[in-house]
2 protein chains.
Amino acid sequence: MFSALGDDELRRLAEAAVVRRVPAAKVIFSQGDPGATCHTLIEGRVKILQTNPDGSQAVLRFIGPGEAYGTVAALMGKPFPADAVAVVDSVEAVWPVQAFRELIRRSPELGLSAGATAGSRLLDLQQRMRELTGERVEQRIARALLRLAEDGRKSEQGVEVDFPITRQELAELTGTTLFTVSRTLSAWNEAGLTASRRRRIVVCDLHRLRSIAEGSGGD
Amino acid sequence: MFSALGDDELRRLAEAAVVRRVPAAKVIFSQGDPGATCHTLIEGRVKILQTNPDGSQAVLRFIGPGEAYGTVAALMGKPFPADAVAVVDSVEAVWPVQAFRELIRRSPELGLSAGATAGSRLLDLQQRMRELTGERVEQRIARALLRLAEDGRKSEQGVEVDFPITRQELAELTGTTLFTVSRTLSAWNEAGLTASRRRRIVVCDLHRLRSIAEGSGGD
DNA sequence: CGACTAATTGATTTGCTTCAAATATCGTGG
DNA sequence: CCACGATATTTGAAGCAAATCAATTAGTCG
């Protein structure tokens, strides 16, 4: 998001930021809070989730280093539409909205790139939307895993999701239940597609997983 | 989206636009087309839909007069992520992306408000996303109807969705099947909640429909 | 009036959730 | 270092909401 900026702007950005450590499981902001801050993750992992009236939760996305969050709501003067929770010990940069607005006023570049990230997230969400409604649970889990594996770390067995994630979270991400995810992963482990242990998932056969994500994995 | 602009900018916008009539069922742009144009609906109704690999379709949203579409993808230089199809005979304004970009360069206001609409659509989508995963089909249909009724037209019996919509389309909008929608509407007609005939839906009891949308309609 | 598109309604199946209960893994303090 | 509580995961069985399949009825339009 900041890649289009010049040295000068970057310096100003850095000066206005507050960097702080966030321990695992710490709530960074909550659904309904006034969106008064813009955040960018420096290190670790953060999950963005919504809580339904009935108490069930939906994970919207996981944030990795370099990604911004809370920015759209803040800039629009709206309350945060979701919770942000640190998954592991993390480090983030925080700006008060006013400071961020000020920076945008001085260098419209930043405003454009903020708009651009919002745009690409929008396209992304539309994509996932279609997946959620149209596809079978197994496909959705496969897709989610593939997406998570994208910025995972390679190991001998395959690509490992590089932060701890529970079946529960994977379920909330794909709109299903803990049980179904567990069953599915068990089956995939059996078939050598994945190797998952407690809070850890390794994708061993990207190719076959992809074919499950696309259509039926039967062929 | 254009409300923040001055007279001068509006004139320039108007000059750069091409206005054209679009007959019902006409495809305005298709999924995968290079996003070379920005569109705003002047009159009528347009639906935005995605087609799955397996051929099934998902309606993302309906566009009413005054709303822009195709703009995000176009500005970002990406291919259109969805089809746009006229539901009824319509009139739209079209700009080549370059013209639109040019206009933005001259008056950053436009860029900001484009960003803002993208932002609010993003927040909106997140909302719908949660609904789609967490809620029962009946609730989703209720919500969809309420949203459609929002810019509907009042009749003696209640609020009528002011464009023809099929059970099939409603199903594609809510991620369910034609059959389930038909059954649900039949039940609601029976109960006096709605009055629907072929391609026409009147919401008679907004209040009760809302209570179905929220939680169980049983209380 | 046909021909076509839309909508209804019933019967059946199934993928997924729900509920229940056992087992595994981790951290922690005695 | 081991035992214990807390957290995660697995697995089974039963139930159900919604999809699927099949066949009929109702509107619309040329």
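Note that the structure is predicted; figures quoted are calculated from it, not measured. In what follows, chains carry the letters A, B, and so on, assigned in the order in which the sequence lines appear, proteins first and then strands, with residues in each chain numbered from 1.
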Can you confirm whether more than 12 heavy atoms, excluding those of A:Arg200, are under 6.0 Å from its CZ atom?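 More than 12 within 6.0 Å, yes.
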Hey, is CZ on B:Arg21 packed in by over 12 heavy atoms from elsewhere, all under 6.0 Å?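 Result for CZ/B:Arg21: open.
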A:Phe100 and A:Trp95 aromatic ring geometry - parallel, tilted or perpendicular at 30°/60° bounds: perpendicular
Over 60° means perpendicular and under 30° means parallel, so classify the ring planes of B:Phe29 and B:His39, tilted if in between.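 Plane angle between 30° and 60°, so tilted.
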Considering only [options], which nucleotide approaches the side chain of [X] most closely?
{"X": "A:Arg199", "options": "D:dA8, D:dA18, D:dT11", "result": "D:dA8"}
{"X": "A:Thr176", "options": "C:dC16, D:dA26, C:dT8", "result": "C:dC16"}
{"X": "B:Val137", "options": "D:dA22, D:dA18, C:dT17", "result": "D:dA18"}

Nearest whole angstrom, please: distance from the [atom2] of [N] to the [atom1] of [X].
{"X": "A:Arg140", "N": "C:dG15", "atom1": "CZ", "atom2": "P", "result": "14 Å"}
{"X": "B:Phe179", "N": "D:dA23", "atom1": "CZ", "atom2": "P", "result": "13 Å"}
{"X": "B:Gln168", "N": "C:dT8", "atom1": "CD", "atom2": "C1'", "result": "14 Å"}
{"X": "B:Asn189", "N": "D:dA26", "atom1": "CG", "atom2": "C1'", "result": "14 Å"}
{"X": "B:Asp54", "N": "D:dT20", "atom1": "CG", "atom2": "P", "result": "10 Å"}
{"X": "A:Glu135", "N": "C:dC16", "atom1": "CD", "atom2": "P", "result": "12 Å"}
{"X": "B:Arg167", "N": "C:dT5", "atom1": "CZ", "atom2": "P", "result": "18 Å"}
{"X": "A:Glu138", "N": "C:dT17", "atom1": "CD", "atom2": "C1'", "result": "17 Å"}

Can a donor-acceptor pair under 3.5 Å be found between the side-chain atoms of B:Arg198 and the base atoms of C:dT5?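 Indeed there is one.
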Heavy-atom donor-acceptor pair, A:Arg183 side-chain to D:dG12 base, under 3.5 Å: yes
Taking the nucleotide of DNA chain D with the closest heavy atom to each, which residue, B:Gly175 or A:Ser186, is nearer the 5' end? A:Ser186
Would the distance check show the side chain of B:Asp83 and the main-chain N or O of B:Gln31 forming a donor-acceptor pair, the cut-off being under 3.5 Å?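 The answer is yes, because a donor-acceptor pair under 3.5 Å joins these two groups.
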So, is A:Ser182 near the phosphate of D:dT10, with a side-chain N or O under 4.0 Å from OP1 or OP2? yes
C:dC16 phosphate, OP1 or OP2, under 4.0 Å from A:Thr180 side-chain N/O: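 Checking A:Thr180 against C:dC16: no side-chain N or O falls below 4.0 Å of OP1 or OP2.
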